[in-house]
There are 2 protein chains.
Amino acid sequence: MSHIKLLKNHTLKATPQRLCILDTLQECGHATLEDVQKIISKKFPTLSLSTIYRNLNEMLQKDIVSEVKIANKKDYFELKKDKHVHLVCQNCGKIEDFEIATDDISKQIEAQTGDKVLNDTLYFDVICKDCLSAK
Amino acid sequence: MSHIKLLKNHTLKATPQRLCILDTLQECGHATLEDVQKIISKKFPTLSLSTIYRNLNEMLQKDIVSEVKIANKKDYFELKKDKHVHLVCQNCGKIEDFEIATDDISKQIEAQTGDKVLNDTLYFDVICKDCLSAK
DNA sequence: TATTATTTGCAAAAAATTAGCAATTATGCT
DNA sequence: AGCATAATTGCTAATTTTTTGCAAATAATA
Ligand SMILES: [Mn+2]
Ligand SMILES: [Mn+2]
Ligand SMILES: [Zn+2]
Ligand SMILES: [Zn+2]
């Protein structure tokens, strides 16, 4: 879906600032606030920091954007997309999305705890394929 | 292991302030900085906020303490313990530790990506047993 | 094109975190 | 037990990060 439609669907005006923020996230995949700020300052130098904060918060609220919180790292933002886990390379720092079924482990938890599992958020520290082959 | 030994093993002097911080984390299981601050202000009113910051950071460095980062929540701290996943009740907010094997899913990721998986960090949103039965 | 409710950019406020430094203290050694 | 010393603490002040208020600008609608 176009970013314009995405915004309108969530009753947000499609301002150039918002579109720029969405484009930046799309480009980056996963970006910290600092990343977003830095990239935007080139593409759109007048876009203010308040506007970045305000809109990232709004988009989080509206679930257009989600947060990726990795221990010992700054928080990342990403466009909301299909459910996926994150593979974080400990060598090059790259963060990759990966789709995998997590039903088995959820079922196991339900069976062993009596809790009802609604959702999950999984991170894997890896050495990525590229870093492995570069050795 | 006693907290005194734990500190000494990491070349940190066993000050009352540090012991108080460790006791607080042990008590709470998982505590935000705000939690720690609030609880400590009762047990040890003269312990300064700088000292809390300084020590939590040091203990993170030394891997005595770890961070629990959950989307849409403040960051939590906990004493380092055996590997476990986190079950986060969406009803009452409780965070529970749970030990479960994660080899299967790691192996699957390795097989499908060619990456080497070193470690994982898993969160599950749940409705906990207690909240379920309270309905 | 005119109207209007939203949104933006700026400047200022508030909140969170870190730094500098004199006074205090835990630890190891007589 | 008492000393020497490097580490640690509690302050206060500095930075950094995030939020707020508001006039000017602008996207959406008719
Ligand atoms: Mn992702
Ligand atoms: Mn835990
Ligand atoms: Zn890599
Ligand atoms: Zn619950």
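To find a chain, count down the sequence lines: A is the first, B the second, and so on, and within it residues start at 1.
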Do [X] and [Y] meet the criterion of a side-chain donor-acceptor pair at a distance under 3.5 Å?
X: A/D103; Y: A/S106; answer: no
X: B/Q26; Y: B/H3; answer: yes
X: A/T11; Y: A/K62; answer: yes
X: B/K43; Y: B/T24; answer: yes

Starting the side chain at C-beta, find the nucleotide from [options] nearest to [X].
X: A/T46; options: C/dG9, D/dT9, C/dT7; value: C/dG9
X: B/T51; options: D/dT8, C/dT18, D/dT9; value: D/dT9
X: B/F44; options: D/dG10, C/dT27, C/dG9; value: D/dG10

Whole Å only: how far is the [atom1] atom of [X] from the [atom2] atom of [N]?
X: A/R54; N: D/dT18; atom1: CZ; atom2: C1'; answer: 12 Å
X: A/I4; N: D/dA27; atom1: CD1; atom2: P; answer: 11 Å
X: A/E58; N: D/dT20; atom1: CD; atom2: P; answer: 12 Å
X: A/N57; N: C/dA15; atom1: CG; atom2: C1'; answer: 14 Å
X: B/K13; N: D/dA4; atom1: NZ; atom2: P; answer: 16 Å
X: B/L49; N: C/dT17; atom1: CG; atom2: P; answer: 9 Å
X: A/E67; N: D/dT18; atom1: CD; atom2: C1'; answer: 13 Å
X: A/I52; N: C/dT7; atom1: CD1; atom2: P; answer: 17 Å

Between [Y] and [X], is the closest basic N to carboxylate O distance under 4.0 Å?
X: B/K83; Y: B/D120; value: yes
X: B/K69; Y: A/D75; value: yes
X: A/D115; Y: B/K129; value: no

- Task: Please state whether the base of D/dT20 and the side chain of A/S50 form at least one donor-acceptor pair under 3.5 Å?
- Result: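 Donor-acceptor pair under 3.5 Å: yes.
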[N] OP1/OP2 closer than 4.0 Å to side-chain N/O of [X]:
X: A/Y53; N: D/dT19; answer: no
X: B/T15; N: C/dA26; answer: no
X: A/N55; N: C/dT8; answer: yes

Using a 4.0 Å heavy-atom cut-off across all strands, classify B/K8 as base, sugar-phosphate, or nothing.
->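 Sugar-phosphate contact only - B/K8 comes under 4.0 Å of backbone atoms but never of a base.
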Please step through side-chain hydrogen bond (donor to acceptor under 3.5 Å, both in side chains) for the pair B/H30 and B/D97, ending with a clear verdict. CA-CA 10 Å; B/H30 308 87; B/D97 294 344; 2.8 Å; yes
- Message: Can you list, in residue-number order, the parts of residues 16-42 of chain B that come under 4.0 Å of DNA chain D, counting heavy atoms only?
- Response: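 By residue number: B/Q17, B/R18.
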Checking side chain to side chain contact (heavy atoms under 4.5 Å, CB included) for the pair B/D82/B/E99: CA distance, chi angles, key distance, verdict? CA-CA 8 Å; B/D82 288 345; B/E99 293 188 26; 4.0 Å; yes
Which angle, rounded to 10°, do you find between the first-five-pair axis and the last-five-pair axis of the helix from C/dT1-D/dA30 to C/dT30-D/dA1?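 It comes to 50° between the two terminal axes.
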Is the B/H84 to B/F98 ring centre distance short of 6.0 Å?
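For B/H84 and B/F98, the ring centres are not under 6.0 Å apart.
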